[in-house]
Amino acid sequence: MNLSNTNTHNVTVQWFNRIALFVVFFWFGALKVLGVSPAEQIVSQLHALTLAKFISIDTFLPFLGYLECFIGIIWLIPRLTKLAFFLFCCQMATTFLPLLLMPNETWQSLFALSLPGQYIIKNVVLIASAYTIYRAGDIQVKSFQQEI
């Protein structure tokens, strides 16, 4: 087994994942900042159920958009991977809330998601991508420590 080819492949896979997460987070965040996000309705409904007492929707939506843009950018900075992963996990946890708190909006029937529900479930792929990057960093550190 050629370790240098394996390492090059792993780095390439990590960068493809980093760029994909950047594109998705920055793009979707920018749409929220610009007020043209197709997710705005479901975000607004969830906001009304959870945070409306604490922050107005007019403040929350741009904040969420800027946060998503920030998360996207820091995925491109390998030394900030742990921060990116932590913020990503927090944001992902909130994206699944409509499945529980808004079943009429996210489910058509048992196992049949509505379009917003499908939009939410696709985040499983983002989670796999983020976890791949996060674990690859741990593996590289362990590999480096074994070489020393």
Side-chain angles (χ1 to χ4, degrees), residues 5-144:
N5 283 345
T6 302
N7 191 38
T8 301
H9 174 72
N10 289 342
V11 169
T12 302
V13 167
Q14 284 182 60
W15 275 105
F16 272 120
N17 280 287
R18 287 180 185 281
I19 291 167
L21 287 168
F22 163 75
V23 168
V24 169
F25 270 79
F26 195 86
W27 188 347
F28 288 14
L31 291 175
K32 287 178 182 77
V33 170
L34 297 171
V36 294
S37 172
E40 189 171 320
Q41 180 182 0
I42 199 158
V43 171
S44 296
Q45 289 173 334
L46 182 61
H47 171 270
L49 290 172
T50 57
L51 297 173
K53 296 176 190 171
F54 308 105
I55 185 171
S56 75
I57 190 66
D58 294 332
T59 302
F60 179 74
L61 271 174
F63 171 77
L64 179 60
Y66 285 120
L67 176 63
E68 288 177 350
C69 288
F70 177 70
I71 293 169
I73 290 168
I74 63 175
W75 275 120
L76 297 176
I77 305 168
R79 71 176 182 263
L80 297 179
T81 297
K82 286 185 180 181
L83 175 62
F85 189 72
F86 172 76
L87 293 174
F88 168 86
C89 287
C90 293
Q91 198 272 351
M92 280 293 111
T94 64
T95 64
F96 286 97
L97 286 177
L99 295 173
L100 302 172
L101 300 179
M102 301 165 49
N104 291 336
E105 298 294 324
T106 56
W107 296 93
Q108 292 178 357
S109 63
L110 187 64
F111 300 115
L113 293 161
S114 66
L115 191 56
Q118 292 176 36
Y119 181 83
I120 293 165
I121 288 296
K122 64 94 179 92
N123 289 330
V124 170
V125 176
L126 298 178
I127 292 167
S129 182
Y131 187 71
T132 298
I133 296 167
Y134 182 73
R135 287 294 295 149
D138 286 349
I139 291 167
Q140 286 177 345
V141 168
K142 288 177 185 170
S143 174
F144 178 73

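Numbering starts at 1 and runs along the sequence shown.
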query = Less than 6.0 Å separating the ring centroids of Phe25 and Phe88?
reply = yes
message = Let me confirm one number: the CD1-CZ distance from Ile121 to Phe96, rounded to the nearest 0.5 Å.
response = 5.5 Å
remark   = Gln91 and Ile71 have their tightest heavy-atom pair at CB-CD1, 4.1 Å
query = Do His47 side-chain atoms and Ile55 backbone N/O form a donor-acceptor pair below 3.5 Å?
reply = yes
key: Leu101 CG to Thr50 OG1 distance, which is reported to the nearest 0.5 Å   = 7.5 Å
key: side chain to side chain contact (heavy atoms under 4.5 Å, CB included) involving Gln118 - partner list, sequence neighbours excluded   = Leu113, Leu115
task = Measure across Leu99 and Gly117 and return the closest heavy-atom pair with its distance rounded to 0.1 Å.
result = CD2-CA, 4.2 Å
key: Point-to-point distance, once rounded to the nearest 0.5 Å, from OH of Tyr119 to OG of Ser114   = 13.0 Å
Pair Thr81, Arg18: side-chain N/O donor-acceptor within cut-off below 3.5 Å = yes
message = I'd like to check Pro38 versus Leu31 (side-chain heavy atoms, cut-off strictly below 4.5 Å). Are they in contact?
response = yes
Test: Glu68 and Lys32 ion pair at under 4.0 Å = yes
note = In short, Cys69 meets Ala30 closest at the heavy-atom pair SG-N, 3.5 Å
key: From CD1 (Ile42) to CE (Met102), nearest 0.5 Å   = 4.0 Å
task = Count the heavy atoms of every other residue, nucleotide or ligand shown that sit under 6.0 Å from CH2 of Trp15, and state whether that count exceeds 12.
result = yes
request  = Decide side chain to side chain contact (heavy atoms under 4.5 Å, CB included) for Phe70 and Leu87; before the verdict, give the C-alpha distance in whole Å, the side-chain angles of both, and the deciding distance to 0.1 Å.
outcome  = CA-CA 9 Å; Phe70 177 70; Leu87 293 174; 3.7 Å; yes
request  = Please step through side chain to side chain contact (heavy atoms under 4.5 Å, CB included) for the pair Val43 and Ser37, ending with a clear verdict.
outcome  = CA-CA 10 Å; Val43 171; Ser37 172; over 6 Å; no
query = Hey, what do you get for SG (Cys89) to OH (Tyr134), rounding to the nearest 0.5 Å?
reply = 8.5 Å
inquiry  = What's the separation between atom CG in Leu46 and atom CD1 in Ile57, rounded to the nearest 0.5 Å?
reply    = 9.0 Å
request  = Verify, without hydrogens or angle tests, whether Ser44 (side chain) and Glu40 (backbone) share a donor-acceptor contact under 3.5 angstrom.
outcome  = yes
request  = Give a yes or no on whether the backbone of Ala128 and the side-chain of Thr132 come within a donor-acceptor separation of less than 3.5 Å.
outcome  = yes
Side-chain heavy-atom pair Ile120, Leu97 within 4.5 angstrom cut-off = no
request  = Could you name each residue pair satisfying side chain to side chain donor-acceptor pair (under 3.5 Å) that touches residues 93-110, not counting sequence neighbours?
outcome  = Thr95-Asn123
key: Trp75 and Phe85 aromatic ring geometry - parallel, tilted or perpendicular at 30°/60° bounds   = perpendicular
